[in-house]
Number of protein chains: 2
Amino acid sequence: MSQRKGTAMVDEQPLPPLVARMWGREPPTRRGPQPSLNLERITAAAIAVADAEGLSGVSMSNVAARLGVAPMSLYRYVGSKDELLAVMVESAFENPPRLDGRSWRDYLTVWTRANRDALLARPWMLPIAHLAPPIGPRSLRWLDRALAALAHTPLTEGEKVNAATTLSGYAFFQANLISGLSVGANQRERARLTSVQEYGTTLAELLDSADYPALAHAVDSGVFSASQDWVEDADFLFGLNLLLDGIAALIARRSVDDEQPNETSPRSDAP
Amino acid sequence: MSQRKGTAMVDEQPLPPLVARMWGREPPTRRGPQPSLNLERITAAAIAVADAEGLSGVSMSNVAARLGVAPMSLYRYVGSKDELLAVMVESAFENPPRLDGRSWRDYLTVWTRANRDALLARPWMLPIAHLAPPIGPRSLRWLDRALAALAHTPLTEGEKVNAATTLSGYAFFQANLISGLSVGANQRERARLTSVQEYGTTLAELLDSADYPALAHAVDSGVFSASQDWVEDADFLFGLNLLLDGIAALIARRSVDDEQPNETSPRSDAP
DNA sequence: TTCATACAGTATAGAACATACACTAATATA
DNA sequence: TATATTAGTGTATGTTCTATACTGTATGAA
């Protein structure tokens, strides 16, 4: 099944054209004029537009204009606007943080926060990051580093992949949460609830405590009254540590019944 | 701060018009013709269109047509198309599962899976569910039930809310993952990697094991070669149990040092 | 009973957009 | 040199959201 080993292969599958271009695997040009464009320049221009004008500013015309080129040129390199958006997300990420001999737990904390921060730095990615399995060079490097951090744990490869994937989903989720307490839409008529407090008072106004007993109780207890340090984000660490604690527990379990990888080990079920 | 207590209030804030309409808090009509529309019918029509033709079929014209009405009518009830999309997501959810005396852990398992399944049943929600804090009656009921499941644990209200929110984010994440191994776009030029195997072989083809040592090792070990029971989803339970184990650990910690809620309790940090 | 006012839905039109298709010009191979 | 192949262009079409001005209707006040 998994025939691999690196660099040179027998040339296997068609490989979707976009993926090929993302990896620089294009057949060298044979005839015709010298290309003045390439996927990289196009992507960079599109990202620049998104950074400057937001996602709604990203139109084929706009991107083309920034390159001094006719809109239709872009379609030589990108099958559709949606493809362009996908590549933008892929290449808007920096490289992942370095491992530097940190413990798996420390590194994954850094990794997840960096992941979240990358999304927050370019919030236009949030609506278009489709959380598909990573396929580009950058996102795969992120995955690789997370796996590397877990390399010397007794987890199976599958468990490592699952753990990394889950953490990346958590980063995405947190970025969304922070990015906007917006209820309506993307930018225009954004019925924005600008603060946690405002969210709390709105809830208080709406909730009938008969229909929402537990939630009303939570609101009463002041959960949504602006805890002091939203800045140094306790909420982010809370969920992250849930996950890391879960991973730690799994590692501990694996370390005990080491020889017999039992698929359904006992789990605590405290009240 | 949190002035509340249910039903009758002193009438507080403007309350965003869309939110008001979602909760049926509109001033009763005084003059003019009888309305033939309302937000509910519009939303239902829009959902029907989305179910039938996918998200791209949802245009104002299309929705209006299904109601036998001119497109511009909708703007009496919805400030923009994006608002309509937001309301669609809100009201496409069923009510949450019943608690029925289950343990917090059992219930949250059911709850999270139901949440995921609701998203998978109407995958058009995935690109437009913005993971904002819930504000509609349905999504708040979901939150309420999760809090109820945790009611008799020693967690603080804030921790309960965080836990519920994180689980809901996990459900969303998993739904995205399952919904499509698509790399390109939404429907047209979808350079779809149709299976886990295909994903695996594509990775094998692309990866240089020098640049991606840990990931290449994972691929070599056959992680992406279609584990037997993707159907009865072990992957979903994996990440879910990470979270639930983390919650269990937190509960255990809280139960021990009960009197002194110490913000930074010790955590395990196994190698 | 009359009339002004407020409101529901409509008609029209405009601007922006993605993209299909046919084309021109440039380059490398035969 | 002739020919095939390719990069980028111009034009055009259909769709989309939505601003604005409008028509008719029901109500409350005079």
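Naming: A, B, ... by sequence-line order, numbering from 1 per chain.
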Please report the distance, rounded to the nearest Å, between CZ in A:Arg76 and P in C:dC23. 15 Å
Side chain of B:Ser61, heavy atoms from C-beta onward: which of C:dT10, D:dC17, C:dC17 has the nearest atom to it? D:dC17
I need the NZ-P distance between A:Lys81 and D:dT16, as an integer number of Å. 15 Å
Pull out every residue in residues 36-51 of chain B that has a heavy atom closer than 4.0 Å to any atom of DNA chain C, ordered by number, or say none. B:Ser36, B:Leu37
Heavy atoms, side chains only, cut-off 4.5 Å: are A:Leu206 and B:Met22 in contact? no
Student check: side-chain heavy atoms of A:Asn176 and B:Phe172 closer than 4.5 Å: no
OP1, OP2 of C:dT10 versus side-chain N and O of B:Ser73: anything below 4.0 Å? yes
To the nearest angstrom, how far is A:Leu74 atom CG from C:dA20 atom C1'? 15 Å
Any side-chain heavy-atom pair of A:Ile47 and A:Thr43 under 4.5 Å: yes
Assess whether one donor atom and one acceptor atom, taken from the side chain of A:Arg31 and the base of C:dT29, lie less than 3.5 Å apart. no
N/O (side chain, B:Gln34) to phosphate O (OP1/OP2, C:dC7) under 4.0 Å: no
Rounded off to whole Å, could you give me the CG-to-P distance for the A:Leu67 and D:dT9 pair? 10 Å
Could you state the atom-to-atom distance from CG of A:Asn62 to C1' of C:dA15 in whole Å? 14 Å
Test log, rule side chain to side chain contact (heavy atoms under 4.5 Å, CB included), inputs A:Arg76 and A:Leu37: CA-CA 9 Å; A:Arg76 288 259 162 219; A:Leu37 291 175; over 6 Å; no
So, is A:Tyr77 close to the D:dG8 phosphate, meaning a side-chain N or O under 4.0 Å from OP1 or OP2? yes
Could you state the CD-P distance from B:Glu83 to D:dC17, rounded to the nearest angstrom? 14 Å
Rounded to whole Å, CE of A:Met72 lies from P of D:dA7 at a distance of 14 Å
Note: A:Val78 and A:Arg21 closest approach over all heavy atoms is N-NH2, 4.4 Å
After noting the C-alpha distance and the side-chain angles of A:Thr201 and A:Phe224, does the key distance pass the side chain to side chain contact (heavy atoms under 4.5 Å, CB included) rule? CA-CA 8 Å; A:Thr201 57; A:Phe224 301 108; over 6 Å; no
D:dA7, C:dA8, D:dC17: which one has an atom nearest the side-chain heavy atoms of A:Pro35? D:dA7
Between D:dT11 atom P and A:Tyr75 atom OH, what is the distance in whole Å? 18 Å
Would you list the atom pairs, donor with acceptor, under 3.5 Å between side chains in residues 58-71 of chain B and any protein atom, with sequence neighbours excluded?
{"unit_1": "B:Ser59", "atom_1": "OG", "unit_2": "B:Asn62", "atom_2": "N", "d": "3.0"}
{"unit_1": "B:Asn62", "atom_1": "ND2", "unit_2": "B:Gly57", "atom_2": "O", "d": "2.7"}

